[in-house]
Amino acid sequence: MTTHFYWWMNKKTMDTALGIIGYPIGHSMSPVFQQAALDACGVDAKYVAYQVSPDDVGEFVNGLRQSGILGINVTVPHKLAVMPFLDEIDDWATEAGAVNTIVNRQGRLTGHNTDGYGFLRALRDGADFDPRGRRILILGAGGAARGVVLALARDGIGDLTIANRTPERAEDLAQLARGRNVVAQAVPLSGDVLESAASTAELIVNCTTIGMTHGPGENETPLSGDAIPPTALVYDLVYNPLETRLLREAAQAGAKTLGGIQMLVYQGAASFEVWLERPAPVPVMLEAAIQAMQSRG
Ligand code: NAP
């Protein structure tokens, strides 16, 4: 990575450069929709994917200060590792314990986390759903579920049920929510208790990896279509495939649906807005992301 990075920094043909770091990084959709956004806005900048190994993270982040790079996204596995190298970390990132966006203003580096905000904005703008005061069922209790619970807790939701295969993790997350004045309970990811929680839920969010292409639960669903009420909105964070089995069965049950590509694009749009201090062209980004997903098959 180092050679490519310094080549890029020294090239300095553009006023602005942006990018993403991860390891590996080849699968990332961000270069596709971020470049589409830059081009649509007439910003003369290139968005570059940097494959940075865990050993090189500190050197890379410190190197940003002297570079022409205005900001970067940070993805797996570096979201925590970048934090000690930053000058300031915003509230969302502090609460999430992870940074997915770094802004470089004259060598001063600020860490942000736009995942939770992206989740909420996709909910509002993509599905016209206001979570305040609503009954919500979260499937899963991993990293994504934690971000979602923290974002929903900020918004003053009504009642939260967290269902997970490993019950202790669901209980830990429910406790986190209770600590933020949310009425929350943990249930198993199967059986009558789950079906009962689903039957009264106004929003069901899949934060498990079930349904993900190449994942262990590929072509499976964490919740049967029979258990989904037609009045619910079903939001699947999985974005590959674009239409998961959960979303297909939810639509067949008459429920509204929202795919994970929306959150992916809205978190990226929020990063774009932090870097460039201008509104992101979300429809352009969404179209570019969907087209790229379809062509990747
Ligand atoms: P994670 O931390 O590894 O958590 C995985 C979750 O899935 C855990 O709750 C785990 O349960 C559950 N799970 C995994 N395999 C299972 C199985 N066979 N049966 C039942 N439960 C199973 O992963 P993550 O970072 O939270 O990501 C979760 C999903 O969200 C991924 O598909 C990711 O791509 C997606 N995501 C999307 C966006 C977006 O922008 N759209 C953003 C972030 C994440 P246990 O606790 O029992 O292991």
Side-chain angles (χ1 to χ4, degrees), residues 29 76 96 115-116 118-124 126-127 129 131 134-153 155 157 159-167 169-170 172-174 176-177 184-191 193-267 289-290 293:
M29 297 291 295
V76 182
D115 284 334
F119 168 83
L120 290 175
R121 202 166 141 196
L123 206 48
R124 289 218 166 79
F129 185 95
R134 304 295 196 103
R135 293 180 71 87
I136 299 175
L137 170 63
I138 305 284
L139 310 173
R146 183 185 150 87
V148 164
V149 166
L150 287 169
L152 289 169
D155 243 34
I157 53 169
D159 182 284
L160 188 63
T161 301
I162 298 156
N164 198 46
R165 177 180 61 179
T166 309
R169 294 184 84 191
D172 285 352
L173 208 46
L176 181 78
Q185 50 277 324
V187 302
L189 189 63
S190 59
V193 191
L194 174 65
E195 291 193 5
S196 161
S199 70
T200 57
E202 294 166 278
L203 171 66
I204 299 171
V205 188
N206 177 34
C207 302
T208 74
T209 50
I210 298 175
M212 198 169 80
T213 303
H214 306 312
E218 186 170 359
N219 296 324
E220 291 177 16
T221 176
L223 184 67
S224 153
D226 302 340
I228 297 172
T231 46
L233 168 66
V234 177
Y235 187 172
D236 198 338
L237 261 52
V238 173
Y239 57 85
N240 186 13
L242 288 169
E243 192 191 42
T244 57
R245 181 168 159 194
L246 172 66
L247 292 183
R248 215 165 37 247
E249 291 192 7
Q252 282 162 3
K256 279 180 75 179
T257 61
L258 187 67
I261 199 81
Q262 298 262 349
M263 173 175 167
L264 186 72
V265 164
Y266 274 104
Q267 61 77 32
I290 290 171
M293 284 295 300

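The basis for the numbers below is simple: all heavy atoms, side chains too, and nothing from hydrogens, waters or symmetry mates. Along the sequence shown, residues carry numbers from 1. Just so you know, these numbers come straight off a predicted model, no measurement behind them.
Nearest heavy-atom pair across P241 and T244 is O-CG2, 3.8 Å. Nearest heavy atoms, G118 versus Y235: O-OH, 4.4 Å. Heavy-atom minimum distance, G140 versus A145: O-CB, 3.3 Å. Scanning both residues, G225 and A253, for their nearest heavy atoms gives O-CB, 3.8 Å. Residue T208 comes nearest to V238 through the heavy atom pair O-CG2, 3.6 Å, listed as atom of the first residue, atom of the second, then distance. What you find for F119 and A151 is that their closest heavy atoms are CD2-CB, 4.5 Å.
One N or O on the side chain of Q185 and one on the backbone of L160 form a donor-acceptor pair closer than 3.5 Å. Under a 3.5 Å cut-off, the side chain of N164 and the backbone N or O of A141 do form a donor-acceptor pair.
Distance CG/L189 to CZ/R169: 12.5 Å, rounded to 0.5 Å. The structure places CG of L233 at 11.0 Å from CD1 of I228, a figure rounded to the nearest 0.5 Å. Atom CD of E202 is separated from atom NZ of K256 by 12.5 Å, given to the nearest 0.5 angstrom. Residue L123 holds its CG atom at 7.0 Å from CG of L258, rounded to the nearest 0.5 Å. Between L247 atom CG and T221 atom OG1 the span is 8.5 Å, to the nearest 0.5 Å. Rounding to the nearest 0.5 Å gives a distance of 7.5 Å between CD of E249 and CG of D226.
Of the options N206, L139, V205, a side chain to side chain contact (heavy atoms under 4.5 Å, CB included) to L237 is made by V205 and by none of the others. Among L264, N240, I290, V265, the single residue meeting the side chain to side chain contact (heavy atoms under 4.5 Å, CB included) criterion with M29 is L264. With L137 as the fixed residue, the side chain to side chain contact (heavy atoms under 4.5 Å, CB included) test singles out one of L194, D159, V234: L194.
In the model, E218 has no side-chain atom that pairs as donor or acceptor with a side-chain atom of T213 under 3.5 Å.
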*Could you give me the CA-CA distance, side-chain angles and deciding distance for I210 and R245, then say whether side-chain contact (heavy atoms from CB on, under 4.5 Å) is met?*
CA-CA 9 Å; I210 298 175; R245 181 168 159 194; over 6 Å; no
Q) Should D236 and T257 be marked as a side-chain contact (heavy atoms from CB on, under 4.5 Å) after you check the CA-CA gap, both sets of side-chain angles, and the distance that decides it? A) CA-CA 8 Å; D236 198 338; T257 61; over 6 Å; no
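Residues satisfying the side chain to side chain donor-acceptor pair (under 3.5 Å) criterion with D155, sequence neighbours excluded, are R124.
Sequence neighbours left out, not one pair with a member in residues 195-227 passes ring pair (Phe, Tyr, Trp, His ring centres under 6.0 Å).
The side-chain heavy atoms of R134 and F129, taken from C-beta on, include a pair separated by under 4.5 Å. Side-chain contact check for L120 versus L152: some heavy-atom pair is nearer than 4.5 Å.
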